[in-house]
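Order of the sequence lines fixes the chain letters, A, B, ..., with proteins taken first and strands second; residue numbering starts at 1 for each chain. Note that the coordinates shown come from a computational prediction; the quantities given were computed from them, not determined experimentally.
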Protein chains: 2
Amino acid sequence: MDANPKIRMTKQRQVILEELCKVTSHPTADEMYQVIRKRLPKISLGTVYRNLEILSELGMVLKLDVGGTQKRFDGNVVNHYHVRCTDCGCVGDLHMPTDLEIEQKAQPLTDFQIKRHSLEFIGVCPECREAKSRRVS
Amino acid sequence: MDANPKIRMTKQRQVILEELCKVTSHPTADEMYQVIRKRLPKISLGTVYRNLEILSELGMVLKLDVGGTQKRFDGNVVNHYHVRCTDCGCVGDLHMPTDLEIEQKAQPLTDFQIKRHSLEFIGVCPECREAKSRRVS
DNA sequence: ATTATCATTAGTAATTATTATCCATTATCA
DNA sequence: TGATAATGGATAATAATTACTAATGATAAT
């Protein structure tokens, strides 16, 4: 294994990147797999995992470590915040300027060397809210 | 299974709560298991998981969904922020007033109903920083 | 006090998400 | 063209967590 291997943009890798950039739903690896399979029926789940990992190492996609059991992926690499639904676990974007000052404010309060921050809002998505109110009435 | 079962403060449950409140290290379930075993050698890992879950549902401890592969637990239920080390994954507290305004600012920008937010700083802990500089020199 | 009930336990099996391995295939470049 | 390295698909392995089960111990009712 070379330290700096030549990256090939294979069909599989390209389709994964394309499909991820198409959506704003922050899919899990398995959700990606289901979508990709429609275009490449022979692709394996391992390939999806491997390529999402590689693409995220290259900085072409974002691997999100938001709450829940599964990692999620984002085709939008520009720094932004997220909202997660407590009920269904879905994740949406929250387009609000990221606060860089807060890292400066936090730095004197810890002996960790702060590199970045991640802010996640937690709430209920419209669909789940709708489902809840229907249950009550 | 009753919808509202009577919960008993068993020895196991109490020791788990005690030991978690003693530390500020935000241990994983397995780390808790290792500590508890010193006092209750016969306890099983499943019991630790089950009780941490129950205690967090009761609001007596906090289940943290910070990055990394394992969930972490916190005996301090007062809302506060955390710092996570990119290298070793350890988690520290960051005692800075939590910003409630930010939820109000974010609300108009999403159709999710925001309940709370979680802010995590990401950096390098003193130990790992030390280890790094030693490797260079 | 005795018994019936029910929460809880330890131990183990099962599940879920992810990563690693193996070998055939394909692309790249000398 | 032929050598070499990257990649893919299939499958096995691993890690973290959850579910299941029979036994145990507390609680409440008689």
query = In chain order, what residues pass the salt bridge (charged side-chain N to carboxylate O under 4.0 Å, His left out) check against B:Glu130, with sequence neighbours excluded?
reply =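 B:Glu130 satisfies salt bridge (charged side-chain N to carboxylate O under 4.0 Å, His left out) with B:Arg134 once adjacent residues are dropped.
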Spacing of [atom1] belonging to [X] relative to [atom2] belonging to [Y], to within rounding of 0.5 Å:
X        : Y       : atom1 : atom2 : value
A:Glu127 : A:Cys85 : CD    : SG    : 8.5 Å
B:Leu40  : B:Gln14 : CG    : CD    : 10.0 Å
A:Asn76  : A:Thr24 : CG    : OG1   : 9.5 Å
B:Asp74  : B:Leu64 : CG    : CG    : 5.0 Å

inquiry  = Taking 4.0 Å as the cut-off, does a side-chain nitrogen or oxygen of A:Thr47 come that near to OP1 or OP2 on D:dG9?
reply    =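 Answer is yes, contact under 4.0 Å.
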ask   = Distance check: side-chain N/O of A:Arg13 vs OP1/OP2 of D:dG8, anything under 4.0 Å?
value =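 Looking at the OP1 and OP2 atoms of D:dG8, one of them is under 4.0 Å from a side-chain N or O of A:Arg13.
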Rounded distance (Å) that lies between atom [atom2] of [N] and atom [atom1] of [X]:
X       : N      : atom1 : atom2 : value
A:Ile7  : C:dT26 : CD1   : C1'   : 16 Å
A:Ile43 : C:dT25 : CD1   : P     : 18 Å
B:Gln12 : C:dG11 : CD    : P     : 11 Å
A:Gln14 : D:dG8  : CD    : P     : 12 Å

[X] side chain, from C-beta outward: closest of [options]:
X       : options                : answer
B:Leu45 : D:dT17, D:dG9, C:dT9   : D:dT17
A:Gln70 : C:dA10, D:dA10, C:dA17 : C:dA17
B:Tyr49 : D:dT17, C:dA10, D:dG8  : D:dT17

ask   = Any donor and acceptor pair, going by atom type alone, linking the side chain of A:Asp65 with main-chain N or O of B:Gly68 inside 3.5 Å?
value =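 A pair under 3.5 Å: yes.
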ask   = Apart from A:Val78 itself, what residues make up its hydrophobic cluster, given side-chain heavy atom links below 4.5 Å?
value =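 A:Val78 shares its hydrophobic cluster with no other residue.
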Give every donor-acceptor pair under 3.5 Å between a side-chain atom in residues 55-62 of chain A and any protein atom, sequence neighbours left out.
residue: A:Ser56; atom: OG; partner: A:Glu53; partner atom: O; Å: 3.0

ask   = Considering residues at least two apart in sequence or located in another chain, which fulfil the side-chain hydrogen bond (donor to acceptor under 3.5 Å, both in side chains) criterion with B:Ser44?
value =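 So B:Ser44 forms a side-chain hydrogen bond (donor to acceptor under 3.5 Å, both in side chains) with B:Thr47.
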Pairs involving residues 20-44 of chain A, ordered by first then second residue, that meet salt bridge (charged side-chain N to carboxylate O under 4.0 Å, His left out) (sequence neighbours left out) =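 Residue pairs passing salt bridge (charged side-chain N to carboxylate O under 4.0 Å, His left out), neighbours aside: A:Glu18-A:Arg39, A:Glu19-A:Lys22, A:Glu19-A:Arg39, A:Glu31-A:Arg72.
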key: salt bridge (charged side-chain N to carboxylate O under 4.0 Å, His left out) contacts touching residues 80-102 of chain B (sequence neighbours left out)   =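 Only B:Arg84-B:Glu120, B:Asp87-B:Lys132 qualify under salt bridge (charged side-chain N to carboxylate O under 4.0 Å, His left out).
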message = Need the bend value for the helix from C:dA1-D:dT30 to C:dA30-D:dT1: angle between end axes, 5 pairs each end, nearest 10°.
response =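 Axis angle across the helix from C:dA1-D:dT30 to C:dA30-D:dT1, nearest 10°: 20°.
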Summary of side chain to side chain donor-acceptor pair (under 3.5 Å) pairs that have at least one residue in residues 103-119 of chain B, sequence neighbours excluded =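 Qualifying pairs, neighbours excluded: B:Tyr81-B:His117, B:Glu103-B:His117.
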For nucleotides 22-28 of chain D, list the nitrogen or oxygen atoms of the protein found under 3.5 Å from its nitrogen or oxygen atoms, one pair per line.
residue: D:dG25; atom: N2; partner: B:Arg8; partner atom: NH1; Å: 3.2

query = Under 4.5 Å between side-chain heavy atoms, hopping through other hydrophobics if needed: is there a path connecting B:Val77 to B:Leu119?
reply =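 No; B:Leu119 is not reachable from B:Val77 via cluster members.
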Those residues of residues 50-69 of chain B lying under 4.0 Å from DNA chain D by at least one heavy atom =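 Contacting residues: B:Thr69.
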ask   = Which of residues 21-42 of chain A have a heavy atom under 4.0 Å from DNA chain D?
value =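 Result for residues 21-42 of chain A: A:Lys42, sorted by number.
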ask   = So what does B:Thr10 touch, heavy atoms closer than 4.0 Å: a base, only the sugar-phosphate, or nothing?
value =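 B:Thr10: backbone/sugar contact only, no base atoms under 4.0 Å.
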inquiry  = Once ring-ring contact (aromatic ring centres under 6.0 Å, His included) is applied, what residue pairs with a partner in residues 21-53 of chain A remain, sequence neighbours excluded?
reply    =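 Output for this query lists A:His26-A:His82.
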